[in-house]
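Just below is one structure, and these are the notes that go with it.
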There are 2 protein chains.
Amino acid sequence: MNEKTNSARGRPKTLDRDRVLQTALIQYWSKGPANVSISDICNLIGASKPGVYREFGSDDGLKKAVLEVYHGLAIQPVIDILEKNQPTTDAIDALIGFMTQDRTALGIPQGCLFVMMRAQSERLGPSTYHKLNKVHHDLLAAYSEWIERAKLHGEFINIPTDIAALLLDMQHGGAMRMQREGVPRETIESVLRFALRAVMFRDNVIRS
Amino acid sequence: MNEKTNSARGRPKTLDRDRVLQTALIQYWSKGPANVSISDICNLIGASKPGVYREFGSDDGLKKAVLEVYHGLAIQPVIDILEKNQPTTDAIDALIGFMTQDRTALGIPQGCLFVMMRAQSERLGPSTYHKLNKVHHDLLAAYSEWIERAKLHGEFINIPTDIAALLLDMQHGGAMRMQREGVPRETIESVLRFALRAVMFRDNVIRS
DNA sequence: TCATTATCGTACCTAAGAGTATTTTATCAT
DNA sequence: ATGATAAAATACTCTTAGGTACGATAATGA
């Protein structure tokens, strides 16, 4: 019942959990999760390996915790755009805008940690893998709900919801990969404008 | 000038180069190039490590050679479809057909080694990386030429060629990733039908 | 027959990375 | 003070993976 959050028994902890998370996040994000070791992170912040293991349990535990941070930073904003009640074209503009932010200006790495992790899921531990699938599932669900709501207004009428959700997910992944490969911002934006048009046309019927 | 290809001096070679390549190809393709070691491949075919290194020089050399084999197997067929002179819709059907073959029925791994390598290019050696970029460049060039030809027939009129090429490349990558993640064949086909429609519409103008 | 040549394959080297045993040290409670 | 508690950090272990040193071996050619 005291002010301090720590229970204050034993040697006080000096390891800065948030600093570990932030450092790991930036490293994983910019170099790829498979190309950064726990030792790398420790060296970067001057922490000891047992300290990190005490805090996160394992490599898997750290990656899972980082994925949770990343979710709040770059996945939830997408979901928020989808859940906000706004005209479909505005939502699409917002999605494209979010995906094609000028990352260098913002000091944020190129690409998407979530997308990278999916591309290397074989190299992830079980708890990170599980979390990853949950995030993916939630994202697809958010797309689906957004599409269903738009359909009530007569949009996306000729495309099945699950197909449209996968299509949006695919464009998101593709855009993030292009960004990582160094394709210019404006080019990606242009590709996305055309790509997302695919779900919007009224005469969008599958040919027999 | 003799019939035999080998110069026949010294102890005859027993290492089967093609078998190494085939085994490495299947392993890289099914498990991801970063998840298969040279030792794994040696154990699978009963070869010795020095033998493999004598033949390919290094891990990088083997991966590069495998990528060349893969190119002939799964990239060149795409380029062939694009270079064949046929109606645009037929070409698109052929592309979708090739991408959504029933892999299990054909005994071929899911996904695309080229796409996987691109997603993990940080972990590749310089010569594989170089080859990878060359393949990518050639593929984009083939898309571009195909699009330019179609434009002569009044198609793709409102989309810049380079944007359309990147868009097609993006859909290819997305489809291969979905396949690897276990999305059903028919679902991927449906997503692709809608996605590739994006480049085809006549009223496909970027809104201002 | 015997030197020459080139491959074979065992047994090694080295680096890196995940994870831990152990001793020290800083704080709290009595 | 002093014992209990829990975190600190050094210095390990273990495993994997790329790569190689080197003696053995199987052929050719004189």
Side-chain angles (χ1 to χ4, degrees), chain A residues 1-21 23-24 27-28 31-66 120 122-129, chain B residues 1-20 23-24 27-28 31-66 117 120 122-129:
Chain A
M1 301 299 185
N2 55 4
E3 300 274 69
K4 317 163 73 176
T5 49
N6 18 354
S7 60
R9 184 81 190 251
R11 179 170 175 170
K13 132 180 324 184
T14 57
L15 183 97
D16 188 338
R17 185 177 214 269
D18 281 352
R19 199 149 120 72
V20 176
L21 283 174
T23 305
Q27 292 294 310
Y28 290 154
K31 300 182 181 169
N35 304 316
V36 181
S37 71
I38 303 259
S39 302
D40 290 339
I41 296 163
C42 290
N43 290 337
L44 278 168
I45 62 180
S48 71
K49 259 205 294 186
V52 172
Y53 277 91
R54 216 173 301 124
E55 187 68 29
F56 298 98
S58 64
D59 186 75
D60 187 29
L62 174 58
K63 290 214 170 81
K64 185 197 169 184
V66 168
Q120 325 191 346
E122 293 91 349
R123 294 184 79 83
L124 299 176
S127 82
T128 310
Y129 183 77
Chain B
M1 302 297 188
N2 55 2
E3 300 274 69
K4 315 164 77 175
T5 49
N6 18 356
S7 61
R9 185 79 190 251
R11 180 171 176 170
K13 142 181 314 187
T14 56
L15 184 95
D16 188 339
R17 186 176 213 269
D18 282 351
R19 200 150 118 75
V20 176
T23 305
Q27 292 294 310
Y28 290 154
K31 300 180 182 168
N35 304 316
V36 181
S37 70
I38 303 259
S39 303
D40 290 339
I41 295 163
C42 289
N43 292 337
L44 278 169
I45 62 181
S48 73
K49 260 205 293 184
V52 172
Y53 276 91
R54 251 190 312 276
E55 187 69 29
F56 298 98
S58 64
D59 186 74
D60 187 28
L62 175 58
K63 289 212 172 84
K64 184 196 169 186
V66 168
M117 281 185 167
Q120 325 192 346
E122 293 92 348
R123 294 184 80 82
L124 299 176
S127 82
T128 310
Y129 183 76

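In what follows, chains carry the letters A, B, and so on, assigned in the order in which the sequence lines appear, proteins first and then strands, with residues in each chain numbered from 1. FYI, side chains are in, hydrogens and waters are out, and symmetry mates aren't considered; it's all heavy atoms of this structure.
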Side chain of B/Arg9 (C-beta onward), nearest among D/dA26, C/dA29, C/dT5 | C/dT5
Heavy-atom check, side chain of B/Leu44 versus side chain of B/Gln27, under 4.5 Å = yes
Among all residues two or more places apart in sequence or in another chain, which pass the side chain to side chain contact (heavy atoms under 4.5 Å, CB included) test with A/Asp59?
-> A/Tyr28, A/Ile38, A/Lys63
Rounded to the nearest Å, what distance is computed from the CZ atom of residue A/Phe56 to the P atom of nucleotide C/dG19?
-> 14 Å
Provide, to the nearest angstrom, the distance between the CZ atom belonging to B/Arg17 and the C1' atom belonging to C/dT7.
-> 16 Å
Starting at atom CD1 of A/Ile41, determine the distance to atom C1' of C/dA18, rounded to an integer number of angstrom.
-> 12 Å
Readout for nucleotides 12-23 of chain D: B = base within 4.0 Å of protein heavy atom, S = sugar-phosphate only, - = neither; 5' to 3' it is -----SBBBB--
Nearest heavy atoms of B/Arg123 and A/Ala34, plus distance in Å | NH1-O, 2.8 Å
What is the distance from CG of B/Leu15 to P of C/dA6, rounded to the nearest Å?
-> 17 Å
Whole-Å distance, A/Gln27 CD to C/dG17 P, equals 12 Å
Please report, rounded to the nearest Å, how far the P atom of C/dA6 is from the CZ atom of B/Arg11.
-> 15 Å
B/Ala24 and B/Ile41: which non-hydrogen atoms are nearest, and at how many Å?
-> CB-CD1, 3.7 Å
Roughly how far apart are B/Thr23 OG1 and B/Asn43 CG, rounded to 0.5 Å?
-> 11.5 Å
Do the side chains of B/Arg54 and B/Lys13 get nearer than 4.5 Å, heavy atoms only?
-> no
Select from A/Ser48 and A/Gly10 the residue whose nearest nucleotide in DNA chain D is closer to the 5' end of that strand.
-> A/Gly10
Protein-nucleotide distance (B/Ile45, atom CD1; C/dC8, atom P), rounded to Å | 11 Å
Check the distance between C/dC8's C1' and B/Lys13's NZ and give it to me in whole angstrom.
-> 12 Å
